[in-house]
Amino acid sequence: MPGSGDVVRGDPRLCAAIADRITFRCTLIQTGTESYRYQATEFERQVTPAR
């Protein structure tokens with residue numbers, strides 16, 4: 001569904017609920033380094049003007 005991500009990103013409670021369900025009963029491992037995806041997202045936010 002192209003474009004449906006805008007709906008999810010616009011609702012912080014829905015995003016938190018989805019993240020909660022994805023990570024339920026998971027073991028999260030912190031490596032101590034920054035995620036490549038996180039760095040790329042931050043770079044895009046700095047380069048791309050806000051809508």
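Separating the CD1 atom in Ile18 from the CZ atom in Arg21 is a distance of 9.0 Å, to the nearest 0.5 Å.
Between the side chain of Thr23 and the backbone N or O of Cys26, no donor-acceptor pair lies under 3.5 Å.
Applying the side-chain hydrogen bond (donor to acceptor under 3.5 Å, both in side chains) test to Thr31 and every residue at least two apart in sequence or in another chain returns Thr33.
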